[in-house]
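Everything on this sheet refers to the single structure shown next.
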Amino acid sequence: MPEKRVVLKNCGVIDPQDIASYLAADGFKALEKALKLHLKQVIDEVKASELRGRGGAGFPCGLKWEFASKAQGNEKYVICNADEGEVGTFKDRYILENDPFSLIEGIAIAGYAIGAKKAYIYLRAEYHFLLDLLQNAIAQAKKKGFLGHLDIEVREGAGAYVCGEESALMDSIEGKRGEVRYRPPFPPTSGLWGKPTIINNVETLTNIPRIILNGAEWFGKMGTEKSKGTKVFSVSGDVAKPGVYELVLGSPLRELVEKLAKAEKVKTVQIGGATGRIIPYAMIDASLSFESVLGAGAITVFDESRDIIDIVGKTMEFLAEESCGKCTPCREGTEVMVETMERLGRGEGLKKDIKVLEELAETMMLCSMCGLGQAAPIPVVDSLEHFRGEYENRIRQS
Amino acid sequence: MNKTGRNGGRGELLVLLEAAQSKSAHISRDTITELAESLDLSIGEVYGVASFYSFLSTKPQGRNIIRICKSLPCLLKHAQTIIDSVRQEIGILPGETTPDGRFSFELTNCIGACDKAPAMMVNSDVHGDLTPKKIAKVLQAYK
Amino acid sequence: MALLVTLNGTQVRGRPGQTILELAQENGVDIPTLCHHADLSPLGACRVCVVEVEGSRTLVGSCHTPIADGMVIHTHSPKVLESRRVIVELLLASHSGVCYMCDKANMCELRKIAAELDVGLPRFQVRKHYYPLEDVSPYIARDLTKCIMCRRCVRACNEVAKHDVFAIAYRGFDSKIVVDFDQPIDKEVCRDCGVCIPFCPTGALSQPRETKTEKKGKPLVVTS
Ligand SMILES: Cc1cc2nc3c(=O)[nH]c(=O)nc-3n(C[C@H](O)[C@H](O)[C@H](O)COP(=O)(O)O)c2cc1C
Ligand code: SF4
Ligand code: SF4
Ligand code: SF4
Ligand code: FES
Ligand code: FES
């Protein structure tokens, strides 16, 4: 299954500074079409497309919109998650850099569908250099009269990966520490300032104009049974051609890693960044889909010269540094894992370490309050499944 | 102003802290005290928010902040050599500020430029595809 | 409208809006809690109160999760007990208190829960939370080496005493309950208050020892 530019169709084609070039590429036709439909029809179309969130969790987009649209109250919010902090992810940056208008159009359609008058784009601090471009694009869309129903404001993060987590993100917009909230209630019922809110990833929202314009049926022809459409991947690490690639969902990992990114002598691939899966080369034919492996589409490739203990240790270090610290399993557990991996790396591993790591992992996955702590042990669990020998050797040599 | 208000109130705290950070390269005690007073929050609350985010600093910083990415995709592309060359070039360790106040030096997590690894930020500029040789030239532009 | 819930195999009735913890308590089922306190708003931070709800991928915090009709709940399944043990073990692993030297040992909820769950010496090796003793205030002493970040003091000060002395600073493992710019507690509003002290489940907050009135041992005089 080939590369296919659906989300990225305008990237490198239009001028991101100039709305005229976007309009020439069917820009804002989807919004015009949506505004003529009843908002229920818009939501039904998104539901029928079976579009699932591209920010990592894969929640059905249309369903989320429906919850928010049915929620009580006339103050509602749309949030575009442009926090993109997952290690090895840069596809949202690429979309923002090259085609901010498609995103704005997607947000405008979302706002109409759920009845929001205000939208926020939460942009990570590291992408401050994109602020002017984004604000310029919003201003042009406004001037052309496309944003009569919705005010879009860009809010900047200040350096915290956990603020990509939806509830922490909302607390951050509210001017607080970016700490996670317990759920329920979920954002479509009680989100920003306790009001019904939808939060969607940049790539999810960029899919929306394509779906509205071409129809759910067209969209559903791409992909697998449970993963419709395409996915934009960020490929980095030990590859000759790192970069952004868009593939139809269900494509084999091998095509992306070996054929497109030109990796050689692959030992392992981390899919989905620090909270993603670690799979050995033997599984290189896995399909890239929600049914199999996907995450937010970060693909980090490691060649045969790399040490698994080191990879897992660095990954845990990231997670411990970025834990919000609210709940016990993640706050304390990530630190225990960091120190254990460091000891293993120094050759001071103990025989009991593997078992202790596994039991700790189980509790962190089951009890942490948010996806960070729940997914934090995955690198440990996966590497113990596929590279257990390396752990055992290291401990034996200690 | 109200405590929970969307505009002008508490909801603006992070925006105001970010503004203070970019104006004076750090968030001083005076700023925190003033913000706490004007938003009707405790000093601890404002300090707590400021200390949560890694791009906000409550200690004085240099005029330019170098942040080298230390996440895996950059490390695979020899980020350590970049860290070493910056260290040599400006003579300080990560976490420190040069005596002339020109640079502060930090290591940071993935900055979303892994396709141009190894990468670093100087202030809000992203520099990618770095080599030790390029460092002196890149830093020259920041006075 | 009553909600029908299966609690440890028994059908019980609950009210909408009731949490799993409240329902359990009403039916005589004891679930351990640390960050939760009936007089404070829920927080969900410690995770000691987790229970198993059928159909849920993860365990859920019983102190903040409302019951739903048809819910099937297990409060003491092996999975739940094992998780609670690991959580308490984690709290103890970085806790540098020594119980036999701790003033609050007899009232400490952490120690009590550890005993109930049969948690022995923690297996986890991790650095300890270490902070100097704060004893400048005549009204409150803080020993944050014993703090488990349950934030009960923060909420008690806010919600019960209607002050805002405490806040949370930093993040992750380094997060800490602070006063102002992370200074030792010495606030005038704390005079005649002390509301937070009994809310603290550990020995982290206490009334300062009144050293002046304390009997000093007499020097031993040896006559020959
Ligand atoms: C620790 C953590 C970090 C996250 N970071 C991001 C992020 O940077 N961008 C994003 O879109 N979603 C991120 N998510 C997922 C969001 O919580 C949320 O599911 C997503 O924004 C929903 O949008 P979607 O349904 O369109 O994917 C993160 C989740 C967790 C647990
Ligand atoms: S899992 Fe980690 S990041 Fe999430 S709430 Fe708990 S401490 Fe915070
Ligand atoms: S606070 Fe509790 S657990 Fe800690 S030392 Fe005191 S009695 Fe022991
Ligand atoms: S000082 Fe006591 S009440 Fe406050 S967070 Fe620490 S353990 Fe909880
Ligand atoms: S790992 Fe360095 S920019 Fe992503
Ligand atoms: S008592 Fe429920 S999470 Fe702490």
Side-chain angles (χ1 to χ4, degrees), chain B residues 1-5 9-18 20-21 24-61 65 67 69-72 94-95 104 106-111, chain C residues 35 40-41 43 45 127 129 131-132 134 136-137 139-142 144 147-191 193 195-197 199-200 204-205:
Chain B
M1 291 204 192
N2 63 19
K3 235 174 165 165
T4 51
R10 210 248 136 89
E12 299 294 311
L13 177 57
L14 184 56
V15 176
L16 294 169
L17 286 171
E18 285 166 352
Q21 173 76 40
S24 26
H26 84 295
I27 298 162
S28 68
R29 286 195 171 203
D30 288 347
T31 306
I32 290 180
T33 310
E34 281 162 27
L35 283 175
E37 247 166 55
S38 69
L39 299 177
D40 192 18
L41 298 167
S42 70
I43 288 174
E45 179 70 28
V46 178
Y47 180 77
V49 174
S51 68
F52 183 87
Y53 296 95
S54 62
F55 276 46
L56 303 181
S57 172
T58 52
K59 287 195 219 99
Q61 297 271 71
I65 304 180
R67 293 187 172 93
C69 172
K70 64 168 172 71
S71 289
L72 273 169
S104 286
E106 290 173 10
L107 303 182
T108 194
N109 284 324
C110 180
I111 57 174
Chain C
C35 68
L40 304 174
S41 58
L43 181 71
R127 70 192 150 108
H129 289 290
Y131 306 103
E134 299 179 14
V136 273
S137 163
Y139 319 113
I140 299 179
R142 292 209 307 167
L144 292 184
C147 173
I148 55 167
M149 290 303 287
C150 70
R151 306 184 187 194
R152 269 156 62 163
C153 54
V154 184
R155 285 171 290 154
C157 184
N158 259 312
E159 298 168 18
V160 182
K162 309 285 178 205
H163 293 303
D164 49 9
V165 170
F166 300 113
I168 301 118
Y170 318 112
R171 74 176 182 218
F173 191 79
D174 297 323
S175 48
K176 181 184 176 193
I177 311 290
V178 300
V179 176
D180 289 350
F181 299 99
D182 193 359
Q183 288 150 318
I185 185 168
D186 187 14
K187 285 271 185 184
E188 204 37 46
V189 295
C190 299
R191 177 212 287 266
C193 181
V195 161
C196 56
I197 297 174
F199 277 91
C200 180
L205 289 188

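First the proteins, then the strands, lettered A, B, ... as listed; each starts at 1.
- Across all their heavy atoms, C/Y170 and B/F52 have their closest contact at O-CD1, 3.8 Å.
- Summarising the geometry, atom NZ belonging to C/K187 is positioned 7.5 Å from atom OG belonging to B/S42; distances are rounded to the nearest 0.5 Å.
- With sequence neighbours excluded, no residue satisfies ring-ring contact (aromatic ring centres under 6.0 Å, His included) with B/F55.
- For B/I43, the side chain to side chain contact (heavy atoms under 4.5 Å, CB included) partners at least two apart in sequence or on another chain are B/I32, B/T33, B/A36, C/D180, C/F181.
- Residue contact with chain C, scored on non-hydrogen atoms closer than 4.5 Å, involves the backbone and the side chain of B/S54 alike.
- Counting all heavy atoms, side chain and backbone alike, B/E45 lies closest to C/A167 at N-CB, 3.5 Å.
- C/D174 does not touch chain B: none of its heavy atoms, backbone or side chain, sits under 4.5 Å away.
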